[in-house]
Each structure stands twice: as structure tokens, then as C-alpha cells.
Number of protein chains: 2
Amino acid sequence: MRKGEATRERILDVAEASVLAKGFAATSIEEVIAEAGITKSGFFYHFRDKNELAHELLRRYIAEDHRILDELFGRAAELSDDPLQAFLIGLKMLAELMADLPGGHPGCMIASICYQERLFDRRVVDLNREAIESVNSRIRSHLEAIAAAGPPREPVDIAVMAEMLSCIIDGGIIMAKVTGDPHRLVRQILAYRTFVKMQFAGPSAAGVSPRSRGVAAE
Amino acid sequence: MRKGEATRERILDVAEASVLAKGFAATSIEEVIAEAGITKSGFFYHFRDKNELAHELLRRYIAEDHRILDELFGRAAELSDDPLQAFLIGLKMLAELMADLPGGHPGCMIASICYQERLFDRRVVDLNREAIESVNSRIRSHLEAIAAAGPPREPVDIAVMAEMLSCIIDGGIIMAKVTGDPHRLVRQILAYRTFVKMQFAGPSAAGVSPRSRGVAAE
DNA sequence: GCATTTCCGTACCGCAGGTACAGTTTTGGA
DNA sequence: TCCAAAACTGTACCTGCGGTACGGAAATGC
């Protein structure tokens, strides 16, 4: 039971790296089992077929993603009672997290699957949609709390601003991977942070509502 | 000669759609030639191997991309002498162009290749990097002209703001594809437009430098 | 110590990428 | 009109991988 879990995780680790580097179709089971140190029979003991591998790969990625985001913005909320400051702190911590990844972000599984839609059954595609909407929803709730204290400087839909972070991250990952410069992703997240700050706490908008000065405010 | 070109383009059309929907490895030559109405021998007459297909696919995509961007911002520049207004007009036209795509944007070839790096030789990978830097450079030149007339409200590197558009587009395409809602890409481009407008022409920054009122200003 | 879990070995099928090469049709130009 | 080049077709073949099937062995936990 415990040993089985470990092997399963090892298979998923190897497969995830391969999928993000070569795509799902080019991720050969032979290569995965060779790197994971098992046989083909061992692989098919853990996963019925390749499609189930994809499903579990995505499920695990989403769970980890949610865990990280919740912990990150949870800690940020402990550092400031003001929703805006907490969100800005969270964004800065997110940027630092990305900066600390050795070799840069390996890639977003959601984006990878998105560009190979036709390979997967509806369960995987639906899960992918739910995942991205779930992240959007989490971010949106933060922005709604911020907007409750005062309207944005320029009229931009809160939902669109929430989606923008997902776009910035996915786009930033691509930018970083293509150019070979991991810092590009970090810069983009901080640029988004500037956008949020300007929308809700720009110098000329100060005084509209009581904004506490948090550690992330510059 | 002319007939050969047409067949070649037809192959590339079919292959491009398949690559953006299933990935490169899963794009079977058998399927491409069936849809293009030729034989396998015919395919290998035009392309030495699958890697050359990838290279030509990317080359064609980049050329078309540059053509569209140049024409779009070129026309925008004719509508306003002010760099900021021209850029804002260009962004709005870009958003409209994306909104008019039937079935939404089919996907970005650069992003697709990025998530399958290890499949291709260095020529393709290098071309991909040059392509994204080239787009960044084009956008940056516009933003530099804008910044020359007055500093941004918040200190954000012009290069980062230029890269941000690429990120927004690539991220927006993914968001639109995964959710099945093409309009999400349009909204993101317009949100980026708002960011640029706020940075260089916000109401509280007015009067710093003479900004002409263009048709795209709201 | 015993059942369950966790894997190994082997043998096999079908499909697609890719190669090789000879032959055929189409096309554009002199 | 003819001819050479371009633009394919047809066939045959090799290789590697996804996937199946099934029997058995070793490790694990109670």
C-alpha cells in the first residue's frame, strides 16, 4: 500500500516531466518505465491505460496547484487584514516562489493538455476546464473583497482581472521557457501586481477609503 | 511550380490544425495526407521528414503573425499621429480581429512548440525564440515612443510591459480554448489596453504632456 | 503464516513513422 | 507540339511503440 503509492508517485513524476517537455503523445511508456525503474507490467498495474495516466497526472497537478495557492494567500492574509495588501503580499510571495524554482517553472499541465485536447477523453478535458475556473474563482474572491472597499480607478470587470493572473502566469511560463530566461515569468507576475496596485491603491486614488499600509506596499 | 505550392500549402494547413489540436507527435502523417488528398510519397516529396514539416509550419506561422501585426499597427498609425492613441487603436483592432475569428483562435504555434521542445531540433527551437523576441521588440518600440512623451504612472520596465502583451495573448488563447469561450481572449487584450491607457493617459496624469484625443480614447 | 498487494517475464498484435525506389502523370516553356 | 522538369503515385518493407494477456514471484502488512 505505502510502497505502491511511492512507485505510483515516481511514475507520475517521470511522466509529468516528460509530458511538459515533449507532449503527451511523445511520452513513451517505455521511457517512463525505464526512468522509473519498473517494467511495463508494473506500469499497467497502476494505470489501466495511457488515458488514465493523463487523468491522474492532471488531478495531481491541480491538487498541488490549489494547495500552493491556498497556502500562499492564506499566509498573506495573516500578514495583513487589508484585502488589497494581503493580495499584493500574496502576489509578491508567488513571484518569489517562481524565482526560487531551480531551472525555472517546468510548465503548466493545464496549458500542455489544452494544446493536445483531441488526445484526451471528455473526463480529462472537463477536469481541465474546472481547474482553470476554480483558480479564476479563487482569485476573483480576493479581488471582490478588495473592490468592496473601493471601486477600481478604471472600470475593468473583476472577473477579467482575476482571469488576467491566470493568463499572465500561463503566458509568462511560455515566455520564460521559450526565451530560456526564468525571470521573465517573475517579472510578469510583478507587473500584474503593479496593475492591481494602480487600480486600487494608486497615489491619486488615495484617501477614497482607509487603506492600511502593509509590508508589500512600496 | 504553382501546383506544387498549392499542395504544399494545403498540407501545411491540415498539419497546422492537427498540431494545434493534438500536438505534433500525435499528428499522424497518414491523417494529414488523407485530409489533404495526397499519398505518402507526395508528402515526402515536399518535406524531407516530419521535422522539416515542423520547421516550415513554424516559419509560415511566424511570417503570417508578423504580417498581421505590422498591417494592424500600421493602419493604426495612420489613424493617429500620437503614439499612445495609435497603440490603443491597434490594440482595439487586435481585439476585434480576435473576436471575428470563427470558432475562436485555433491556438498559438509558438506555445504549442514550446510545450513539445524536446521533439524538435535546435533550428526549430531557436526559430521559436527569435519569433517571440521579434514580437516583443515590435511592441516595445511602440511603447518606447509612448514613454518618450511622458513617464508611466507606475515604474514598470517598458520591456516588461511589451512582453506582457505576448503573455496576455498566449495566456488568453489558453483561457479561451480551455473554457470554450473565445471572448475571454478578447477581454484580456482589452484589459491590457486599459493597463496601458492607465499607465500613460490616466485622468490624474492628464496635463503632463500634450496628448491628442484619438478615436480609441474613451 | 497467510492473503493481499505489488510487481516481473514473456509473448504477442496492430498501427504508424519512416525509407527506398521505380514508375507515372502533369505542367510550363521553347 | 514536344520535352524536360516538376509533381506526384504505388508498393514493399523495417522499426518501434501502445496495448493486451496471463502466469507467476516477491514483498508487505495484519
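In what follows, chains carry the letters A, B, and so on, assigned in the order in which the sequence lines appear, proteins first and then strands, with residues in each chain numbered from 1.
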Does dA7(D) have its OP1 or OP2 closer than 4.0 Å to a side-chain nitrogen or oxygen of T7(B)?
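No.
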Within the pair H46(B) and dA7(D), is there a side-chain N or O less than 4.0 Å away from OP1 or OP2?
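Negative; the distance criterion is not met.
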I need the [atom1]-[atom2] distance between [X] and [N], as an integer number of Å.
X	N	atom1	atom2	answer
K50(A)	dT20(D)	NZ	P	13 Å
I29(A)	dC7(C)	CD1	C1'	16 Å
I38(A)	dA27(D)	CD1	P	17 Å
F43(A)	dC17(D)	CZ	C1'	13 Å
F47(B)	dG17(C)	CZ	P	15 Å
K22(B)	dA16(C)	NZ	C1'	11 Å
E31(B)	dG18(C)	CD	P	14 Å
E30(B)	dG17(C)	CD	P	5 Å

Side chains of M175(A) and S166(B), heavy atoms from C-beta outward: is any pair under 4.5 Å?
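A side-chain contact under 4.5 Å exists here.
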Would you indicate which nucleotide in dG9(C), dG10(D), dG18(D) comes nearest to any side-chain atom of T39(B)?
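Minimum distance to the T39(B) side chain belongs to dG10(D).
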Closest approach to the side chain of F44(A), judged atom by atom: which nucleotide of dG18(D), dT20(D), dT9(D) is it?
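Closest of the options to the side chain of F44(A): dT20(D).
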For H66(A) and S134(A), does a side-chain donor sit closer than 3.5 Å to a side-chain acceptor?
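Result is yes, a qualifying pair exists.
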We want to know whether S112(A) and Q116(A) form a side-chain donor-acceptor pair, criterion being a heavy-atom distance below 3.5 angstrom.
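Result is yes, a qualifying pair exists.
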Roughly how far, to the nearest 0.5 Å, is CZ of R60(B) from CD of E9(B)?
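It is 5.0 Å, given to the nearest 0.5 Å.
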No-H, no-angle donor-acceptor pair, K40(A) side chain to dG19(D) base, under 3.5 Å:
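Yes, a donor-acceptor pair under 3.5 Å.
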Using a strict 4.0 Å threshold on nitrogen-to-oxygen distance, state whether E64(B) and R67(B) make a salt bridge.
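Looking at E64(B) and R67(B), the cut-off is met.
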Between Y45(A) and S41(A), which is nearer to the 5' end of DNA chain C once each is assigned its nearest nucleotide?
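Comparing both residues, the 5'-ward one is Y45(A).
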